[in-house]
Amino acid sequence: MNLKWFIYVSKVLQTAAMSEGQRKQKYSATRRLQLKSKLLKKAASMLVAESEQKKQEKARVVNESFPPLMLSGLSVQELQDLCKELHRKIDVVDEARYDMEIKVAKNDMEIQTLNQKIIDLKGVKRPSLKRVKKTTDDMLGACTDSSKLMKADFKVNLKTVKKDDEKREEVTDWRKNVEAMSGMEGRKKLFNAGQ
């Protein structure tokens, strides 16, 4: 039995549980849960067995392709020939790997272009826009130079402030203020005398 089959049966059980809401159910909820848990346990054990089988297959292929090297009892010339042969094999494998990488990159580019074509064919959903009321000033502002209108709008929207005339004292010579504030004529005379 295949793992995909167990996954399919599990999905069928889930959809059967969802679609049986209107008609009489063939299995009770506990029975379905029990079947599902048994299927999942079996699928898990099959996954482990499948991964072990893949590891064994990989080890077998590697051993067939690259048998272990017997280096004991070889002369210097035979070791050099073996190294050259291994280098040739490495070059062949590198070329094949490079070719595969190029093919994969090319296929990825094709997939991306096809996905882009699909998106272009479906079209992009545009969000619904809200209607905005525009005044005539806004419409004129869109048509003409907006910087001039902004300056005019700022001047129009400014509030006018009335300035109260404050009673200001007239600025006079400070020396006259000293005489008025001194209060003592004697000190003023002493001050004048010192100059």
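The structure presented is a predicted model; accordingly, all values stated were derived computationally and were not measured.
- Note: Q112 CD to N107 CG = 11.5 Å, rounded to the nearest 0.5 Å.
- Here I102 is tied into one hydrophobic group with Y98, each link being a pair of ILVMFWY side chains closer than 4.5 Å.
- Listed for the E78 side chain is a donor-acceptor partner under 3.5 Å among the backbone atoms of S75.
- Residues passing the side-chain contact (heavy atoms from CB on, under 4.5 Å) test with L33, sequence neighbours excluded: none.
- The side chain to side chain donor-acceptor pair (under 3.5 Å) check on S51 picks up nothing, with sequence neighbours excluded.
- Sorted by first and then second residue, the pairs that involve residues 100-118 and meet salt bridge (Lys or Arg N to Asp or Glu O under 4.0 Å), not counting sequence neighbours, are R97-E101.
- Looking at residues two or more places apart in sequence or on another chain, you find a side-chain contact (heavy atoms from CB on, under 4.5 Å) between I118 and N115, K122.
- Put simply, the residue from T113, L114, D120 that forms a side chain to side chain contact (heavy atoms under 4.5 Å, CB included) with Q116 is D120.
- Residue pairs meeting the side-chain hydrogen bond (donor to acceptor under 3.5 Å, both in side chains) criterion with at least one partner in residues 80-91, sequence neighbours excluded, are Q77-D81.
- Rounded to the nearest 0.5 angstrom, K42 NZ and S37 OG are separated by 14.0 Å.
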*For the pair R32 and K36, evaluate side-chain contact (heavy atoms from CB on, under 4.5 Å) and give the outcome as yes or no after the intermediate values.*
CA-CA 6 Å; R32 275 190 312 233; K36 184 177 177 183; over 6 Å; no
Show the atom names and distances, to 0.1 Å, of all donor-acceptor pairs under 3.5 Å that link a side chain in residues 55-68 to residues at least two apart or in another chain.
from : atom 1 : to  : atom 2 : distance (Å)
E57  : OE1    : R60 : NH2    : 3.4
E57  : OE2    : R60 : NH2    : 2.3
R60  : NH1    : E64 : OE1    : 3.4
R60  : NH1    : E64 : OE2    : 2.7
N63  : ND2    : A59 : O      : 3.2
S65  : OG     : V61 : O      : 3.0

